[in-house]
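Reviewing the structure listed below.
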Amino acid sequence: MSHHTISVAGLGFAYPDGTRALDGVSFEVGHGEAIAVVGANGAGKSTLLMHLNGLLTPSEGSVDIGGTPVTKGTLDVIRRTVGMVFQDPDDQLFMPTVAEDVGFGPLNLGLPPEDVGRRVDEALARVGAAHLKERPPYHLSGGEKRVVAIATVLAMEPAILVMDEPSSGLDPRARRRVLGLLRSFAHTRIVATHDLDLAAELCERTIVMDRGRVVADGPTGAVFRDDDLLASAGLERPAAFRPCPVCGAGA
Amino acid sequence: MSSVAAGLSTVDRLDRLARQDTAVHRVDPRAKVVATAVFIVCVVSFDRYEVLGLLPFVVFPMVLAAEGGVPFGFLGRLLLLVSPFALLVGAFNPLLDREVLVQVGGVGIAGGWVSYASILLRFLLTAAAALVLTATTSFAGVCLALERFRVPDVLVTQLLLLYRYIFVLGDEALRMARARSLRAVGRRGMGMRVYAQMLGQLLLRTFARAQRLYLAMKCRGFDGRVRIARRLQLRAADVAFAAGWSAAFVLFRFIDVTSLLGGLVTGGGG
């Protein structure tokens with residue numbers, strides 16, 4: 001059985017104050033797929049992501065990762081399978097040096113020190129941050145923090161990567177680097193983002209959320225050309241799907 | 001520069017100093033922590049009127065700072081920054097204890113002044129030693145040593161996270177202070193009431209961040225214990241460092257080295 005699939009069925013969630021953040025969310029993700037989850041602020045994207053690795057356990061409906069249901073009892077397996085990159089790298093990098101931060105997860109997995117060292121080196125090399133190894137995280141630039149945060153998750157060797165706004169707050173060059181990096185991964189990837197151009201370049205499939213529901217799920221190209229759908233979900237066409245503003249080509 | 005920014009840049013400087021590579025930096029953190037602990041115990045265990053006996057202890061922070069590349073000016077400024085506490089603690093001693101204790105050149109000095117001087121000296125010595133320890137070992141190094149000494153995990157984790165997030169919290173406070181001063185016209189909007197609200201805001205933000213941080217840690221298998229991979233190797237030189245300094249401190253504590261040296265210099269019997 002592949003560990004790389006996700007199956008969400010009838011997932012619902014209400015916050016203690018009564019706000020319904022998710023309402024009957026269902027979708028399937030196959031091995032190696034890259035999927036964008038888009039939607040306006042408060043559409044339920046982050047709440048959905050938190051269900052994918054058991055930070056929240058389903059109270060309504062179910063989440064299955066590689067055939068294992070997400071329950072309190074399976075959290076260890078689930079978290080080993082699903083790696084999550086948070087929106088703010090400052091929340092994710094809490095150890096005194098980059099190397100220790102990347103080694104935090106593998107050490108918690110109970111790996112021997114030599115293996116931890118190897119994983120740290122591999123993960124940092126993979127994101128092109130080997131030279132940052134001994135630096136304290138708070139002295140890194142925004143782009144550097146982001147790739148190191150990705151390395152901390154890669155070092156756990158997850159089958160599935162879940163990312164919340166991987167391009168937010170990055171300058172164009174850093175964004176381009178992160179995008180290239182994400183494209184190069186063979187993992188199953190779920191990316192929640194407002195950066196629709198990133199979604200268009202990275203993901204062949206897009207899920208649109210609106211007020212806790214899935215309102216569209218299909219090929220990225222088709223979703224981003226549906227102006228009515230985008231408008232009703234509080235979104236607009238990404239630049240790549242608009243006619244050229246200079247010559248009008250593609251209109 | 002605002003006081004928050006100044007505070008942050010000081011911590012930052014301490015951090016940069018800790019990343020140097022000198023003979024003192026290379027000493028195992030555990031050896032330095034032990035030596036500093038013995039130093040502090042010896043210094044604070046003196047009688048309350050002791051002043052001369054404390055003087056030889058100056059050697060420890062001085063030698064470590066000099067060998068460890070910690071500028072004396074920087075150290076002095078830091079000591080000045082933290083000194084108000086000690087200045088206040090003993091401030092009433094001269095008023096309460098007026099009994100003449102020693103005669104210097106015919107002038108009687110009250111016991112209160114002597115004990116006040118003793119408090120200040122002890123404060124300077126212990127604070128200097130702690131600062132030099134941090135500047136030559138790094139805060140993380142000290143935490144690591146504490147962890148190896150079986151200090152409870154909760155405490156070590158707290159210290160590690162505290163140090164890591166001082167920068168984040170400081171930056172956040174700095175941005176809030178800037179936003180306020182930009183929209184405060186003259187003195188308006190700078191009062192205590194707004195200040196209190198800002199503190200509350202900062203606390204709420206800290207809670208939210210702590211929550212996100214905890215989630216991020218759980219995602220990577222956090223089970224209540226922060227494991228640090230850094231290997232420590234206690235060499236003979238490290239043991240000698242800890243033992244040598246500790247022996248010196250005990251010697252300073254029980255033998256009046258100052259009078260002994262004075263006696264040697266003046267040729268008297270001590």
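None of the values given here were measured: they were computed from a predicted structure. Every chain is numbered from 1 and lettered A, B, ... according to where its sequence line falls, protein lines coming before strand lines.
Counting all heavy atoms, side chain and backbone alike, Arg16(B) lies closest to His139(A) at NH2-CE1, 3.6 Å. Minimum heavy-atom separation, Cys219(B) to Met156(A): O-CE, 4.0 Å.
Proximity to chain A is limited to the side chain of Asp12(B), based on heavy atoms less than 4.5 angstrom apart. Residue contact with chain B, scored on non-hydrogen atoms closer than 4.5 Å, is absent for Asp164(A). Both the backbone and the side chain of Leu93(A) come within contact range of chain B, with heavy atoms under 4.5 Å apart. Heavy atoms closer than 4.5 Å to chain B are found in both the backbone and the side chain of Thr152(A). Contacts between Asp76(A) and chain B at a heavy-atom distance below 4.5 Å are absent for every atom of the residue. Of the two parts of Met95(A), the backbone and the side chain both hold a non-hydrogen atom closer than 4.5 Å to a non-hydrogen atom of chain B. Proximity to chain B is limited to the side chain of Phe86(A), based on heavy atoms less than 4.5 angstrom apart. Only the side chain of Pro136(A) comes within contact range of chain B, with heavy atoms under 4.5 Å apart. Asn53(A) touches chain B through its side chain: at least one heavy atom from C-beta onward sits under 4.5 Å away, while N, CA, C and O do not.
In this structure, CZ on Arg220(B) lies 8.5 Å from CG on Asn108(A), to the nearest 0.5 angstrom. Residue Asp91(A) holds its CG atom at 6.0 Å from OH of Tyr165(B), rounded to the nearest 0.5 Å. Rounded to the nearest 0.5 angstrom, Met84(A) CE and Leu215(B) CG are separated by 8.0 Å. Note: Leu144(B) CG to Glu100(A) CD = 7.5 Å, rounded to the nearest 0.5 Å.
Atom CD of Gln20(B) is surrounded by more than 12 heavy atoms from other residues, nucleotides or ligands within 6.0 Å. The environment of Arg212(B) atom CZ is dense: over 12 non-hydrogen atoms of other residues, nucleotides or ligands sit within 6.0 angstrom. Counting non-hydrogen atoms of neighbouring residues, nucleotides and ligands closer than 6.0 angstrom, the CZ atom of Phe72(B) exceeds 12 such neighbours.
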Name the atoms and distances for all side-chain donor-acceptor pairs under 3.5 Å in residues 135-143 of chain B, with sequence neighbours left out.
{"unit_1": "Thr136(B)", "atom_1": "OG1", "unit_2": "Val132(B)", "atom_2": "O", "d": "2.8"}
{"unit_1": "Thr136(B)", "atom_1": "OG1", "unit_2": "Leu133(B)", "atom_2": "O", "d": "3.4"}
{"unit_1": "Thr137(B)", "atom_1": "OG1", "unit_2": "Lys32(B)", "atom_2": "NZ", "d": "3.3"}
{"unit_1": "Thr137(B)", "atom_1": "OG1", "unit_2": "Leu133(B)", "atom_2": "O", "d": "2.7"}
{"unit_1": "Ser138(B)", "atom_1": "OG", "unit_2": "Gly141(B)", "atom_2": "N", "d": "3.0"}

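Between Tyr163(B) and Tyr138(A), the two ring planes are perpendicular [angle over 60°; tilted spans 30° to 60°].
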### Message
I'd like to know whether Glu134(A) forms a side-chain contact (heavy atoms from CB on, under 4.5 Å) with Arg19(B), so could you lay out the CA-CA distance, the side-chain angles of the two residues, the decisive distance to 0.1 Å, and finally the verdict.
### Response
CA-CA 10 Å; Glu134(A) 298 305 326; Arg19(B) 264 177 280 144; over 6 Å; no

#### Entry: Test log, rule side-chain contact (heavy atoms from CB on, under 4.5 Å), inputs Asp90(A) and Arg209(B)
CA-CA 9 Å; Asp90(A) 264 325; Arg209(B) 181 173 300 276; 3.6 Å; yes

